[in-house]
2 protein chains.
Amino acid sequence: MSEISRNGVGGGGQPGRIGIGLELDDVHMKILEVLRENGRISVAALAERVGISRANAYTRFEALRADGAIKRFTAEIDHVRTGLGITALIFVTVRQQMWKQFRAELARMPEVEYCAITTGQHDAMIQVRVSDVAAVHTMVTDRLANIPAVKATETVFILDEVLKRPYVLPSDGDRDRPRSPRRPAPEAQGDVPLGMMRFVGAAEGRAALRKDG
Amino acid sequence: MSEISRNGVGGGGQPGRIGIGLELDDVHMKILEVLRENGRISVAALAERVGISRANAYTRFEALRADGAIKRFTAEIDHVRTGLGITALIFVTVRQQMWKQFRAELARMPEVEYCAITTGQHDAMIQVRVSDVAAVHTMVTDRLANIPAVKATETVFILDEVLKRPYVLPSDGDRDRPRSPRRPAPEAQGDVPLGMMRFVGAAEGRAALRKDG
DNA sequence: GTTGAAATTAGTACGAA
DNA sequence: TTCGTACTAATTTCAAC
């Protein structure tokens, strides 16, 4: 379920004005900041925390929802408590021209929480939550392996989830980041050990793969 | 911020009864199911959808919150709309005995949405959201490279987020999954191309790394 | 975009089954 | 435990400014 908006590399626009949606000003951002920490706050309390009137808060709240800037509200739950304490990442290599099938099969796998198409060595990364390690094995060898679209997989386990923010906002950077310019100053690039850093681009023909998804 | 519960590989318990918390029955699960799709639903409406009384819904709702099964409520937002349309995964190799420093530095990076410690070739995977591809480059070469704890990185871009469920619940499997047993039947393992599947274990000495985090 | 007052709904506290 | 009801407090809506 829940197809989400596409992020195209290189398609980044300027903050606050993207697409044909409404313009997000500082007040909108502040509203989002509050809602990400407490999604169940009343609009009245929200108005007070943001520093605007009730009516204004209702208007903006509804606008953010209607525009799609807020996609939905959800509860964050403790997976260990619900019996799904094992999390794994499965990197999948997908056969060309079979993306549609791959996506269809994904929708039929409830244990998959997240799937993203990536550049690099593999084509997609999926995150699964299951009750035990055996279930990961079953998932990979029984379910994924039986999908013709899946050429190969590579599985790693998640030992610990160190950080999980509800989501990131542009305004987060205003806190302690030194307001870095879009492009780093040329002289700043010299003093880092670039040899240790690898940017992994898309494999050959990857660009064409997105079309038949 | 927001340290979350640790998921230990091999530490999976039986569903519905983990740790010393409250016992989660079918009604609790149904409540979570509703709340994950609509985190702002009123308790009155929640009671109706689950099929219990209002008073009972309040009791269980509060119990789930107090127990920690529900960690928080949040709004899911459209990152492209807020100007953070570029998402990247950075796989990090961390120097032994320097995990504490790595985690401290992570907390000071607002663009990091998620960080997990993994088995396999790398030690950690972090997901960042920024406004443009140049910001990823700045992030990796300027910020991450300057952390002594970081030995090496590998970066891939996310081209498309195909699937993003609020979270997975054990009951999700009751829908269309053929109620698979914990461990796959021996004969079922023979007809899959195991040669294409790779399970990547932890690098040498990885187990010791968790202690000094 | 703001304030204030009416209508509605949410949250709490009971006793009964 | 769970349900049903009554009570109190808060929120949402809608009006005028």
Side-chain angles (χ1 to χ4, degrees), chain A residues 15-17 20-78 81-83 166 169-171, chain B residues 14-77 81-82 166 169-171 174:
Chain A
R17 185 69 182 91
I20 41 165
L22 85 157
E23 260 196 84
L24 301 180
D25 56 23
D26 291 349
V27 179
H28 285 119
M29 285 303 174
K30 216 166 173 189
I31 290 173
L32 293 179
E33 266 175 61
V34 174
L35 286 176
R36 113 179 112 172
E37 279 165 29
N38 183 6
R40 272 186 85 85
I41 194 173
S42 71
V43 183
L46 175 69
E48 194 180 22
R49 285 194 53 179
V50 174
I52 55 176
S53 68
R54 263 96 34 93
N56 192 2
Y58 275 103
T59 306
R60 286 168 175 273
F61 181 85
E62 195 44 52
L64 285 168
R65 254 182 159 314
D67 182 66
I70 297 175
K71 288 190 278 193
R72 67 177 148 190
F73 291 93
T74 186
E76 215 176 291
I77 69 129
D78 188 331
R81 279 281 201 292
T82 56
L169 287 175
S171 51
Chain B
Q14 49 275 73
R17 184 70 184 89
I18 281 88
I20 41 166
L22 85 157
E23 202 142 350
L24 299 180
D25 58 22
D26 291 349
V27 179
H28 285 120
M29 285 302 174
K30 214 164 174 189
I31 290 174
L32 293 179
E33 266 175 62
V34 174
L35 286 176
R36 113 179 112 171
E37 279 165 28
N38 183 7
R40 272 184 84 86
I41 194 173
S42 71
V43 183
L46 175 69
E48 193 180 21
R49 285 194 54 177
V50 174
I52 55 176
S53 70
R54 233 156 45 97
N56 194 3
Y58 274 104
T59 307
R60 287 169 173 274
F61 182 85
E62 193 46 51
L64 286 168
R65 256 183 159 310
D67 182 67
I70 298 174
K71 288 191 279 193
R72 67 176 148 191
F73 291 92
T74 188
E76 216 177 290
I77 68 129
R81 280 282 202 291
T82 56
L169 286 176
S171 51
D174 299 340

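In the text below, chain A, chain B and the rest are named by the order of the sequence lines, each starting its count at 1.
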Val34(A) versus Glu48(A): any side-chain heavy-atom pair under 4.5 Å?
-> no
Length of the line joining Phe61(A):CZ and dT13(D):P, which is rounded to integer Å | 10 Å
Have a look at Ala44(B) and say if it touches a base, only the backbone sugar-phosphate, or nothing, with a 4.0 Å heavy-atom cut-off.
-> sugar-phosphate
Please report, rounded to the nearest Å, how far the C1' atom of dG11(C) is from the CZ atom of Arg40(A).
-> 12 Å
Side-chain N or O of Ser53(A) less than 4.0 angstrom from OP1 or OP2 on dG1(C)?
-> no
Is the number of heavy atoms from other residues, nucleotides or ligands within 6.0 Å of CZ (Arg49(B)) greater than 12?
-> no
From CZ (Arg60(B)) to CG (Leu46(B)), nearest 0.5 Å | 11.0 Å
Scan Arg60(A) against the nucleic acid and name what it touches under 4.0 Å (heavy atoms): base, sugar-phosphate only, or nothing.
-> sugar-phosphate
Tyr58(B) side chain: which of dA10(C), dG4(C), dT11(D) is closest?
-> dA10(C)
For Glu23(B) and dT1(D), give me the distance from atom CD to atom P, rounded to whole Å.
-> 12 Å
Asn56(A) CG to dT12(D) C1', in whole Å, measures 15 Å
Integer-rounded Å distance: dA10(D) P and Ile41(A) CD1 = 15 Å
Atom CD of Glu48(A) to atom P of dT2(C): distance rounded to whole Å?
-> 14 Å
Examine the base of dG4(D) for any acceptor or donor lying under 3.5 Å from a partner atom in the side chain of Arg54(B), and report the outcome as yes or no.
-> no
Starting at atom CG of Leu46(A), determine the distance to atom C1' of dT12(D), rounded to an integer number of angstrom.
-> 14 Å
Atom NZ of Lys71(A) and atom CD1 of Ile77(B): how far apart are they, to the nearest 0.5 Å?
-> 8.0 Å
Candidates dT3(C), dT2(D), dA10(C) - which lies nearest the side chain of Ala55(A) | dT3(C)
